[in-house]
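Report on one structure; see the data block that follows.
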Amino acid sequence: QDVLRENNFRLDHVNRRAGIISTYPTTSQHFFEFWRHDVDTPYDFWEATLKTVRRSVTIDIAFNETTNAAELTIAVRPERFSTPGRQFNNSIAAFRMFSDQLPEGRTGRSSTATDDYWIDEGRDLAMVRYLLHKILARASGA
């Protein structure tokens, strides 16, 4: 939990009996947020700077009775924000750019927040490795 908090992930659900920790989705760091670390590769860093990307983490700790050891599974899910393209057909349209009054470029109808959605980008294995390294370092006392 401390490693997640140190990396600016806000805890959503902690179930000690089931061994599950999950976080709320957090918008990933931008180039000017030098104090944060929730992306681990230069590509992910610049992608989060140029696009709106958020990440959430789920950690599952299960006890394996046959090996008498705990198994740790970490999943980091990046999601990219998607919103319909807005139509600019005159200079006054720039004033309505961030409202629902500017029509969609494809259909011409007014778009609303319900037209926005998040696209699942799969797993962020680089961030999984980073968090695993930090958790193991903390567990070993290093």
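Minimum heavy-atom separation, Val53 to Ala48: CG2-CA, 4.1 Å. Taking every heavy atom of both residues into account, Val3 and Arg138 meet most closely at CG2-NE, 4.1 Å. Counting all heavy atoms, side chain and backbone alike, Phe31 lies closest to Phe45 at CA-CZ, 3.1 Å. Pairing each heavy atom of Ile119 with each of Ser82, the nearest pair is CD1-CB, 3.8 Å. Of all heavy-atom pairs between Ala126 and Asp40, the closest is O-OD2, 3.5 Å.
With sequence neighbours excluded, the residues that form a side chain to side chain contact (heavy atoms under 4.5 Å, CB included) with Asp120 are Arg77. Not counting sequence neighbours, the partners of Ile61 by the side chain to side chain contact (heavy atoms under 4.5 Å, CB included) test are Ile59, Ala70, Leu72. With sequence neighbours excluded, the residues that form a ring pair (Phe, Tyr, Trp, His ring centres under 6.0 Å) with His30 are Phe32. By the side chain to side chain contact (heavy atoms under 4.5 Å, CB included) test, Arg17 pairs with Asn15, sequence neighbours left out.
Annotation: salt bridge (Lys or Arg N to Asp or Glu O under 4.0 Å) contacts involving residues 45-59, sequence neighbours excluded, comprise Asp44-Arg55, Glu47-Lys51, Arg54-Glu79, Arg55-Asp124.
Side-chain atoms of Arg80 and Thr52, non-hydrogen and from C-beta on, never get closer than 4.5 Å to each other.
How far CZ of Arg129 is from NE2 of His133: 12.5 Å, rounded to the nearest 0.5 Å. Tyr43 contributes atom OH, which lies 8.5 Å from atom OG1 of Thr41 (distance to the nearest 0.5 angstrom). With rounding to the nearest 0.5 angstrom, the CG atom of Leu131 is 10.5 Å from the CD atom of Glu6. The distance from the OG atom of Ser28 to the CG atom of Asn8 is 11.0 Å, given to the nearest 0.5 Å.
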Would you tabulate the side-chain donor-acceptor contacts of residues 19-27 under 3.5 Å, counting partners in other chains and residues two or more places apart, or write 'none'?
from: Thr23; atom 1: OG1; to: Val57; atom 2: N; distance (Å): 2.8
from: Thr23; atom 1: OG1; to: Val57; atom 2: O; distance (Å): 3.4
from: Tyr24; atom 1: OH; to: Asp12; atom 2: OD1; distance (Å): 3.2
from: Thr26; atom 1: OG1; to: Tyr24; atom 2: O; distance (Å): 3.4

